[in-house]
Amino acid sequence: MLQEWFYKNIGKITPEVVEKWFVYNEKEPLLFNTGLFLGLFLVFYFWYILLRKADTMRMVYVILFSLFFYYKSSGIYFLLLLGSAVVDYNLGNLVHRTTSIINKKLCLTFSIILNLGFLGYFKYSNFLVDITNNLTGGKLAFFDVILPVGISFYTFQSISYIIEVYRKEIEPTKRFVDYLFFVSFFPQLVAGPIVRAKDFLPQIYQKLNVTQEDINRAFLLIIGGLIKKTVISDYISLNFVDRVFDLPNSYTPFENLMASYGYTIQIYCDFSGYSDMAIGVALLLGFKLPTNFRSPYKSTSITDFWRRWHISLSTWLKDFLYISVGGNRYGTFAGFLFPGLFFFGLILWGISYSQTSTIPLIIAIASTVIFIFTFLFSKEKEKTMYTNVNLMTTMLLGGLWHGASLRFIIWGALHGMALAVHKIFLEYYPPTKRKIFFLTPFLKFFAIVVTFHFVAFCWIFFRAKDFTTALQIIQNIGKVTFDFNQWLTIIQGYQNVFILMFLGYFWHYIPEKVTVAIQNVFKAMPLITRAIVLGLVFWLVFATAAAGPQPFIYFQF
């Protein structure tokens, strides 16, 4: 069995095969869920353990492996990571050393502009060209650019570092090696979690200490992440979700609905699976990364959802964007600019379709009015206006961070609107007014169901290839009627898909005490048994992979 697996996944070792292991191939990036990563990591980890007492050599060793890891994911763009690290490290030192407030601000501004400039060029240049062509009727040529994997993540880490130095929340790193280690640390380099300098840098200067508890937790996270990503997410995606979202009108309304539910659990298993593996691998190296997901579909409100989903991003946006544009204290030009542009554009969109249908214009006007009402009806109108406008700005830019497309902007706007509506709801109906003993469990369940379906609805815009396709899926879902025989036929036809969807949701909603019990059983196993379990999971992953390892969804961001 082992020999068969080896030949299937590794093949006969020849000079050409060995070259493929170390040379960048755009179609075969180095992923956590590949046999190549497993093999390379085992060799890497052996030498890592031997170097555990040689701090500087160990750090340089990890940096070299991290740069190789990024090279295998993005090719020559690892030089961009290196170059930006050199610039940001020196700018951080200048911000710390200079006594002039003006010079501090100039260095900070230059660093932010430089980082966002690189991000903007690679991620948004063609988006701006497309908008310009549509508005002017021009025919500007598109840029021939490839988006470096994970550029949004390490850009945000670099920005957080220099801002925290500027705010005097941290001291700059003692050496360039320390900073490069922070910004290039391979477990979270390409898809997060987004690591804050003030949380990570102190760990660099501590004595390396990997406890038995860390190893136990690391194994559990890696096993869970692999199953969520490869067994559940990839199978659902390849065999059902992708097909429906590519051609929604070729499928029944019920299949469109199920595909929406499928993508909702797919993106969770994909992204949380990667985060779990990243946290697990980092634990094996002696570093603790922040928790990125806390059962987000158990949320009782949209505010609660953003405390549970992609926590490292939502925290970053709150600390470095929401607060920077005023938070709940005051308004700024930037804070009002983006919501103003959005609602103005939304109304123009409605007017442009008014000749064929009045529905888009009604939606545009209603959305604008509802948002205005969220602060007009508040008891503290001015403060609530600042809060909601700045929240909308944060969510609009958060949507744009995910991708240069109208559908991501709509996705962010929907969440921004929902957060504003929830805040006014809390003002009139605080939790203390809703604590009716015999209704509390029902109300909580109802809140979870409503929040889940709102989030699932928003994911349609996130997943669809364009805005038109998203509307087609929504229209098809609106045509769903109960037809037992048809539903049964569809469920039987996609039996494995629906079983894995059920498994994904069951896993997500399982009570925490059950999860803790499973963890305790795993921890009680001898180390060799746990290693065998991990090996069996890897075998299961590669044995069930239908079309080779699939890239993680958030790699594109």
Side-chain angles (χ1 to χ4, degrees), residues 30 44 55-56 58-96 107-108 110-120 122-123 147-167 169-206 274-275 278-279 281-282 285-290 292 312-313 315-316 319-320 401 554-555 557:
L30 185 59
F44 161 81
D55 291 347
T56 301
R58 175 170 49 81
M59 290 180 67
V60 171
Y61 177 59
V62 174
I63 289 170
L64 291 174
F65 187 82
S66 297
L67 293 175
F68 168 71
F69 181 84
Y70 193 64
Y71 162 74
K72 284 287 291 179
S73 300
S74 289
I76 197 66
Y77 288 119
F78 82 94
L79 294 176
L80 178 64
L81 173 64
L82 266 177
S84 64
V86 171
V87 174
D88 286 323
Y89 169 73
N90 286 290
L91 286 173
N93 286 337
L94 284 174
V95 168
H96 179 69
C107 290
L108 174 67
F110 179 70
S111 174
I112 293 174
I113 290 174
L114 185 68
N115 279 289
L116 294 182
F118 280 128
L119 181 63
F122 286 106
K123 200 164 185 177
L147 181 65
V149 170
I151 187 173
S152 299
F153 289 93
Y154 71 72
T155 296
F156 272 22
Q157 284 194 196
S158 299
I159 291 174
S160 73
Y161 170 79
I162 197 164
I163 290 177
E164 286 175 348
V165 171
Y166 175 80
R167 292 175 177 175
E169 294 178 11
I170 61 169
E171 294 281 323
T173 57
K174 299 172 183 177
R175 304 170 300 175
F176 175 66
V177 167
D178 301 337
Y179 178 76
L180 186 57
F181 185 93
F182 157 68
V183 81
S184 68
F185 190 54
F186 75 90
Q188 49 74 230
L189 175 59
V190 295
I194 299 171
V195 177
R196 299 280 289 276
K198 66 180 180 181
D199 298 324
F200 189 82
L201 290 179
Q203 298 184 58
I204 294 177
Y205 303 118
Q206 294 171 358
Y274 181 90
S275 292
I279 294 169
V281 171
L285 302 181
F287 293 88
K288 292 176 174 60
L289 303 183
N292 216 19
S312 62
L313 174 65
T315 303
W316 196 99
D319 291 347
F320 298 112
W401 175 85
Y554 265 66
F555 269 27
F557 307 135

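Please read all numbers here as calculations on a predicted model, not as lab measurements.
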Q: Evaluate side-chain contact (heavy atoms from CB on, under 4.5 Å) for Asn90 paired with Val87, printing each intermediate quantity in order.
A: CA-CA 5 Å; Asn90 286 290; Val87 174; over 6 Å; no

Q: How many angstroms lie between atom CD1 of Ile194 and atom OH of Tyr154, to the nearest 0.5 angstrom?
A: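 Between atom CD1 of Ile194 and atom OH of Tyr154 there are 13.5 Å.
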
Q: Angle class for the Tyr179/Tyr161 ring planes (parallel below 30°, perpendicular above 60°, tilted otherwise)?
A: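 Tyr179 vs Tyr161 ring planes: tilted.
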
Q: Mark yes or no for whether Ser74, through its side chain, and Tyr71, through its backbone, hold a donor-acceptor pair below 3.5 Å.
A: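 Checking the backbone N and O of Tyr71 against the side chain of Ser74, no donor-acceptor pair under 3.5 Å is found.
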
Q: Measuring from Phe65:CZ to Lys72:NZ, what's the distance to the nearest 0.5 Å?
A: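 Between Phe65 CZ and Lys72 NZ, I get 11.0 Å after rounding to 0.5 Å.
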
Q: Please state whether the rings of Phe200 and Phe185 are parallel, tilted or perpendicular, taking 30° and 60° as the class boundaries.
A: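 Phe200 vs Phe185 ring planes: tilted.
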
Q: Start with the C-alpha distance between Leu80 and Ile151, add both sets of side-chain angles, then the distance that settles side-chain contact (heavy atoms from CB on, under 4.5 Å), and finish with yes or no.
A: CA-CA 9 Å; Leu80 178 64; Ile151 187 173; 4.1 Å; yes

Q: Locate the shortest heavy-atom distance separating Lys123 from Ser152; write the atom from each residue and the value.
A: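 For Lys123 and Ser152, the tightest heavy-atom pair comes out as NZ-OG, 2.6 Å.
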
Q: Is the Phe44 to Phe69 ring centre distance short of 6.0 Å?
A: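 Between Phe44 and Phe69, the centre distance exceeds or equals 6.0 Å.
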
Q: Closest heavy-atom contact between Pro187 and Ala278?
A: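 Reported closest heavy-atom pair: O-CB, 3.1 Å.
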
Q: Between Phe78 and Tyr70, does the ring centre distance come in under 6.0 Å?
A: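 For Phe78 and Tyr70, the ring centres are not under 6.0 Å apart.
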
Q: Any chance the rings of Phe287 and Phe181 have centres within less than 6.0 Å?
A: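 Yes - the distance between ring centres of Phe287 and Phe181 falls below the 6.0 Å cut-off.
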
Q: Side chains of Asn292 and Ser312: is there a donor and an acceptor less than 3.5 Å apart?
A: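 The answer is yes; a qualifying pair exists.
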
Q: Are there over 12 heavy-atom neighbours, none belonging to Tyr61, within less than 6.0 Å of that residue's OH?
A: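 Yes - once you tally the heavy atoms of other residues, nucleotides and ligands closer than 6.0 Å, there are more than 12.
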
Q: What verdict does the side-chain contact (heavy atoms from CB on, under 4.5 Å) test give for Leu189 and Leu81, after you've listed the backbone C-alpha separation in whole Å, the side-chain angles of each residue and the deciding distance to 0.1 Å?
A: CA-CA 10 Å; Leu189 175 59; Leu81 173 64; 4.2 Å; yes

Q: Looking at every non-hydrogen atom in both residues, tell me the closest pair between Gln203 and Lys288 and how far apart they are.
A: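 Heavy-atom minimum between the residues: OE1-N, 2.7 Å.
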
Q: Any donor-acceptor pair under 3.5 Å linking the side-chain atoms of Arg175 with those of Thr56?
A: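 Short answer, yes.
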
Q: Nearest 0.5 Å, what's the CG-CG distance between Asn115 and Leu91?
A: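 Between Asn115 CG and Leu91 CG, I get 9.0 Å after rounding to 0.5 Å.
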
Q: Could you tell me whether a side-chain N or O of Ser160 sits under 3.5 Å from a main-chain N or O of Arg196, the two making a donor and an acceptor?
A: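 Flag not set: sc Ser160 to bb Arg196 has no pair under 3.5 Å.
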
Q: Take atom CZ of Phe110 as the centre, draw a 6.0 Å sphere, and report whether it contains more than 12 heavy atoms from other residues, nucleotides or ligands.
A: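 It does not: Phe110 CZ has 12 such atoms or fewer within range.
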
Q: Rounded to the nearest 0.5 Å, how far does CG of Leu201 lie from CD1 of Ile170?
A: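 The CG atom of Leu201 is 5.5 Å from CD1 of Ile170, to the nearest 0.5 Å.
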
Q: Supply the atom-to-atom distance Thr173 OG1 to Tyr89 OH, rounded to the nearest 0.5 angstrom.
A: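 Going from the OG1 atom of Thr173 to the OH atom of Tyr89 covers 5.0 Å.
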
Q: Check whether any side-chain N or O of Gln157 sits under 3.5 Å from a backbone N or O of Val195 as a donor-acceptor pair, and report yes or no.
A: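 The answer is yes, because a donor-acceptor pair under 3.5 Å joins these two groups.
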
Q: Specify the closest pair of heavy atoms between Asp178 and Met59, including all atoms of both residues, with the distance to one decimal.
A: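 Between these two residues, the closest heavy atoms are OD1-CE, 3.1 Å.
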
Q: Sub-3.5 Å donor-acceptor pair from the side chain of Gln188 to the main-chain atoms of Leu289, do we have one?
A: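 Here the side-chain-to-backbone pair does not exist.
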
Q: Rounded to the nearest 0.5 Å, how far apart are OH of Tyr77 and CZ of Phe122?
A: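 The CZ atom of Phe122 is 4.5 Å from OH of Tyr77, to the nearest 0.5 Å.
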
Q: Looking only at heavy atoms, what is the nearest atom pair of Ser111 and Asp88, with distance?
A: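 The pair with the smallest heavy-atom distance is OG-OD1, 2.8 Å.
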
Q: Please tell me if the side chains of Leu285 and Phe186 come closer than 4.5 Å, counting only heavy atoms from C-beta onward.
A: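 Side chain of Leu285 against side chain of Phe186, heavy atoms only: contact under 4.5 Å found.
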
Q: Return the minimal non-hydrogen interatomic distance between Pro193 and Pro290, and the atom names on each side.
A: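 Closest approach of Pro193 to Pro290, heavy atoms only: CG-O, 3.7 Å.
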
